[in-house]
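Here is the structure we will look at, set down as structure tokens.
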Amino acid sequence: MIYKEIPDFDIAKIADSGQCFRMNPLPSGGYSVIAFGRYLEVRDLGSGRHSFSCTEEEFDTIWADYFDLDSDYSEIASMIPPDDRFLKAALAYGHGMRLLRQDPWETMVSFILSQRKNIPAIKASVEALCTRYGEEAACNQITYRSFPTAERLTGIGCEDLRTCSLGYRDKYVAEAARQFEAGQIRFDELEKAGFDAAKSSLKGMYGIGDKVADCILLFGLGYKNAFPEDTWIKKILEKEYAGHFPKERYDGHLGMVQQYMFYYARSAEYRMLAPLNS
DNA sequence: TGCCAGGCTTCAC
DNA sequence: GTGAAGCATGGC
């Protein structure tokens with residue numbers, strides 16, 4: 001167990017942000033995280049202090065990068081014009097959220113199966129995949145299952161995959177596994193390819209369109225200017241910006257801006273309100 | 001019970 | 001290139 005003082009870090013908001021699907025509240029308080037084959041428990045101790053159930057070395061090599069702790073999001077506030085009440089409120093509401101840097105393979109599969117599902121249903125599907133096809137591991141007497149590798153999923157029939165509530169997306173996941181195993185999709189190359197080329201490659205895959213490609217770019221490949229537009233974001237752009245959100249104003253931070261918007265748009269607090277920018 | 005969900009492919013035009 | 005239909009399943 002190690003202790004860290006981290007400002008601008010709210011594990012409850014991160015867990016509820018819709019970026020990741022294997023971060024859950026613990027009965028004893030705090031949150032469990034399963035990522036990169038590891039299991040972590042995080043607790044908010046108040047006043048910016050947090051405990052992490054790992055070694056300093058593991059924190060430095062895995063979790064600091066996963067939680068994007070080197071980034072400073074405070075610059076975003078200064079980019080918002082005074083009359084954009086919605087985005088100002090969204091930033092305040094989402095304060096402490098981080099833009100997670102997740103495993104690209106897990107991100108790809110998770111967001112392929114996310115289409116036309118709500119977040120609880122996505123989490124259930126991801127967990128079912130892990131339970132059925134993930135590798136069992138243990139950490140501090142807690143057993144868990146890692147996210148299934150592409151190798152494990154290759155060759156599994158759509159009928160079997162469908163038992164994880166993938167629905168019509170079963171064939172998309174099966175094809176992604178096959179392409180990854182065949183070396184037709186390489187994340188190290190996509191990370192270096194540049195935004196447009198990487199997005200074009202992803203969109204060439206079966207079952208990956210604009211929105212899922214942007215999620216993979218943003219959450220799995222480190223392209224922080226990706227701006228996934230799902231049904232929530234589309235509704236917000238129409239409702240608060242009449243369909244004309246000035247993306248160019250937030251160049252370099254669009255991904256995090258989108259996360260603040262998404263998180264606030266789904267909140268009960270905002271949904272009770274009339275449009276803030278009208 | 002009906003609507004909707006971190007959408008995409010296919011097909012007609 | 002654009003727009004509509006169809007898609008599996010579960011949460012609310």
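Chain identifiers are assigned alphabetically (A, B, ...) following the order of the sequence lines, protein sequences preceding nucleic acid strands; residue numbering begins at 1 within each chain.
- Using a 4.0 Å heavy-atom cutoff across all strands shown, A:F219 reaches at least one base atom of the nucleic acid.
- Ion pairing of A:R162 with A:D170 is present here, as a side-chain N (NZ or NE/NH1/NH2) and a carboxylate O approach within less than 4.0 Å.
- Between A:F227 and A:F245, the ring planes lie parallel to each other; the angle is under 30°, not in the 30° to 60° tilted range.
- Residue contacts shown for A:I233 include a base, since a base heavy atom lies under 4.0 Å away.
- Distance from the side chain of A:N118 is smallest for C:dG10 among the nucleotides C:dG10, B:dC8, C:dA8.
- At the heavy-atom level, A:G207 lies under 4.0 Å from the strands shown only through sugar-phosphate atoms.
- Remark: A:K13 is not positioned above the aromatic ring of A:Y263, lacking an NZ or CZ atom under 6.0 angstrom from the ring centre and at most 45 degrees off the axis.
- Taking atom P on both C:dA8 and B:dT1, the two are 23 Å apart, rounded to the nearest angstrom.
- Relative ring orientation between A:Y264 and A:Y93 is described as tilted, the plane-to-plane angle lying within the 30° to 60° band.
- For A:F21 and A:Y206, each mapped to the nucleotide of DNA chain B holding its nearest heavy atom, the one lying further toward the 5' end belongs to A:F21.
- A:S165 has no side-chain polar atom (N or O) that falls below the 4.0 Å cut-off from OP1 or OP2 of C:dT9.
- Rounded to a whole angstrom, the distance from the C1' atom of C:dG10 to that of B:dT9 is 22 Å.
- At the heavy-atom level, A:D170 lies nowhere under 4.0 Å from the strands shown.
- Ranking C:dA8, B:dA5, C:dC12 by closeness to the A:T231 side chain, first place goes to B:dA5.
- Residue-to-nucleotide proximity on DNA chain B shows that, of A:M205 and A:D230, the 5′-proximal contact is made by A:D230.
- For the OP1/OP2 pair of B:dA5 and a distance below 4.0 Å, the side-chain nitrogens and oxygens of A:K235 include at least one atom meeting the criterion.
- The CD1 atom of A:I112 sits 16 Å away from the C1' atom of C:dC7 (whole-angstrom rounding).
- The listed nucleotides are C:dT9, B:dA5, B:dG7; the one nearest the side chain of A:R162 is C:dT9.
- Interface remark: the A:Y172 side chain does not form any donor-acceptor pair with the B:dG7 base, using a distance-only criterion of under 3.5 Å.
- Note on A:E175 versus A:R178: salt bridge recorded, some NZ/NE/NH1/NH2 to OD/OE distance being below 4.0 Å.
- Counting any heavy atom pair closer than 4.0 Å across all strands shown, A:S110 reaches no nucleic acid atom.
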